[in-house]
Number of protein chains: 2
Amino acid sequence: MSLRSDPDPLADALLRPVRAGNAFEETLARLLQAIRLGLAAPGERLPPERDLAARLGVSRVTLREALHALQEAGYVESRRGRYGGTFVRSLRPTHPTPPAPAFAADVEDVITLRHVLETGAAEAAASRSLDPTTRRHLRTRLAECTGAGVADYRRRDARLHLAVAAAAAAPSLTAAVADLRARLDALLDAIPPIGANIEHSDHQHRAVIDAILDGDPQAARAEMAEHLAGTATLLRGFLT
Amino acid sequence: MSLRSDPDPLADALLRPVRAGNAFEETLARLLQAIRLGLAAPGERLPPERDLAARLGVSRVTLREALHALQEAGYVESRRGRYGGTFVRSLRPTHPTPPAPAFAADVEDVITLRHVLETGAAEAAASRSLDPTTRRHLRTRLAECTGAGVADYRRRDARLHLAVAAAAAAPSLTAAVADLRARLDALLDAIPPIGANIEHSDHQHRAVIDAILDGDPQAARAEMAEHLAGTATLLRGFLT
DNA sequence: CCCCAAAGGATCAGCACGAGCCCATTGGCA
DNA sequence: TGCCAATGGGCTCGTGCTGATCCTTTGGGG
């Protein structure tokens with residue numbers, strides 16, 4: 001008998017589970033994340049069920065199960081008839097997501113992956129010649145963060161970081177950052193809300209966006225790295 | 001009617017398909033990639049079906065369908081009885097995978113994502129204090145590349161790059177690099193085999209690994225970036 | 001020499017999911 | 001005022017997938 005429990009990282013990467021869960025769970029997670037990131041602002045309407053189901057590659061039955069769950073949790077509200085639809089509720093959910101226990105290994109995984117993905121995205125975005133729409137998007141998201149209170153800061157921060165990833169114009173990279181953000185949010189849910197360093201974050205955000213808009217990849221990477229280091233320290237501190 | 005076909009990268013990232021395909025297809029793809037990367041060397045045995053099914057999070061029936069497909073394609077061979085199992089065949093498959101048509105957008109996506117992930121992984125690996133096993137692994141993989149012919153170069157190259165990712169000790173990052181490699185291999189299948197610059201690649205590989213083993217993150221990143229640029233140019237040239 | 005553990009091979013019931021279809025509701029528009 | 005298009009609500013049927021159970025093969029050890 002060997003005592004090793006199989007510490008082969010290659011095998012672990014290659015033979016990891018093919019599915020993260022059942023269709024319902026994954027759909028629910030996606031929708032939740034989409035709402036958290038403000039794909040539709042409070043009061044706004046989500047795409048019609050038929051469109052959503054098609055985009056998520058899931059049957060309408062499954063999608064509706066997920067929507068019902070969200071409705072019961074108080075995230076959305078459905079209205080029938082023409083010009084009806086599923087609307088995001090403005091009030092916070094009645095059953096806030098209970099913070100899941102965080103494992104140290106997962107924390108380090110998220111921190112490392114985030115550093116790699118997001119500094120890389122910032123660099124890539126700064127390396128491209130951005131079209132006016134993208135430039136405006138970045139400025140808008142930055143401005144939204146600057147004016148945010150503690151309550152809404154995380155959502156706007158997420159949108160800004162997503163915008164940076166999107167500016168790199170690599171769909172897979174954007175998707176990876178979105179997925180990662182979901183994991184990061186789950187970790188952040190488990191630590192007390194800190195409002196102290198929002199101002200500090202805002203300065204860093206501005207520096208990142210300026211470097212990207214100026215087309216300075218090195219600076220964009222460096223500023224993003226410094227920014228991420230703050231969150232990393234926070235996570236390590238609370239979730240040892 | 002608006003003419004825009006929905007160019008919202010945030011929505012695209014958040015509402016992308018929940019499943020890449022059915023369980024059989026995904027299982028087949030995983031096994032194929034595992035074999036291509038030499039999870040088990042030719043003549044060696046894959047894990048027992050029950051273990052494999054558990055690790056892939058798939059029923060044994062589905063796993064066996066995938067294994068049968070691989071068997072018919074000539075990749076593996078099954079033997080019954082104790083000390084039996086599913087063995088990787090040494091001969092090349094009878095039905096080589098037909099190269100899929102490559103789309104320019106996908107090529108740029110892979111190139112960008114690869115730059116981000118793999119330069120990031122190299123930097124992260126160089127930033128850690130690597131344990132002796134990992135250091136030896138890196139040296140071994142490097143040596144394997146140096147001695148490879150045209151036929152086997154790609155597999156060994158893939159293993160080296162995977163080893164670098166694994167050295168970063170972030171499972172998600174390793175998984176992401178493995179997934180990316182599958183997409184990259186699909187693109188490389190569509191271009192004629194080039195044997196000319198293997199020597200050049202080997203020098204770059206050595207520089208990357210040296211930087212990692214020396215604990216020099218900047219150098220590791222820079223060397224990896226230069227190395228990846230070569231493949232990127234190759235891909236852009238053949239798959240415009 | 002025989003038994004048994006470990007592997008692949010096969011089958012079945014049950015459920016989750018998808019595709020398609022129709023119904024119910026609503027507000028704008030002719 | 002009535003029609004109609006667009007939306008959510010609900011149903012059924014087919015099937016892919018799972019979990020369990022049992023069978024078959026094979027080689028090593030008692």
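By convention in this document, chain letters (A, B, ...) are assigned in the order of the sequence lines, proteins followed by strands, and residues within each chain are numbered from 1. Keep in mind that the numbers below use all heavy atoms, side chains included, and drop hydrogens, waters and symmetry copies.
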On DNA chain C, compare the nucleotides closest to Arg82(B) and Ser59(A); which residue's is nearer the 5' end?
Arg82(B)

How do Val61(A) and Pro48(B) order along DNA chain C: which one's closest nucleotide is nearer the 5' end?
Pro48(B)

Hey, does the side chain of [X] come within less than 4.0 Å of [N]'s phosphate (OP1/OP2), counting only N and O?
| X | N | value |
| --- | --- | --- |
| Arg45(B) | dA7(C) | yes |
| Arg64(A) | dG9(D) | yes |
| Thr86(B) | dA7(C) | no |
| Ser78(B) | dA7(C) | no |
| Thr62(B) | dG16(D) | no |

Rounded to whole angstrom units, what separation is found between the [atom1] atom of [X] and the [atom2] atom of [N]?
| X | N | atom1 | atom2 | value |
| --- | --- | --- | --- | --- |
| Gln71(B) | dG8(C) | CD | P | 11 Å |
| Leu67(B) | dG8(C) | CG | P | 8 Å |
| Phe87(B) | dT26(D) | CZ | P | 13 Å |
| Leu46(A) | dG8(D) | CG | P | 9 Å |
| Asn22(A) | dG18(C) | CG | C1' | 14 Å |
| Glu65(B) | dC17(D) | CD | P | 7 Å |
| Asp51(A) | dA6(D) | CG | P | 12 Å |
| Leu52(B) | dG9(C) | CG | P | 13 Å |

d(Thr86(A) OG1, Glu44(A) CD) to nearest 0.5 Å is 13.5 Å

What's the closest nucleotide to the side chain of Tyr83(B) if the choices are dA24(C), dG28(D), dG18(C)?
dG28(D)

Name the closest nucleotide to the Arg50(A) side chain, picking from dC17(C), dG9(D), dT24(D).
dG9(D)

Any idea which heavy atoms bring Leu63(B) and Leu31(B) closest together, and the distance?
CD1-CD1, 3.9 Å

If the plane angle is over 60° it's perpendicular, under 30° parallel, otherwise tilted; pick one for Tyr153(B) and His205(B).
parallel

Please determine whether a side-chain nitrogen of the Lys or Arg among Asp109(B) and Arg114(B) lies less than 4.0 Å from a carboxylate oxygen of the Asp or Glu.
no

Exam field: side chain Arg141(A) to backbone Leu138(A), donor-acceptor pair closer than 3.5 Å:
no

Classify the side chain of Arg80(B) and the base of dT24(D) as holding, or not holding, a donor-acceptor pair under 3.5 Å.
yes

Name the residue closer to the 5' end of DNA chain D, choosing between Arg60(B) and Gly81(A) according to the nucleotide with the nearest heavy atom.
Gly81(A)

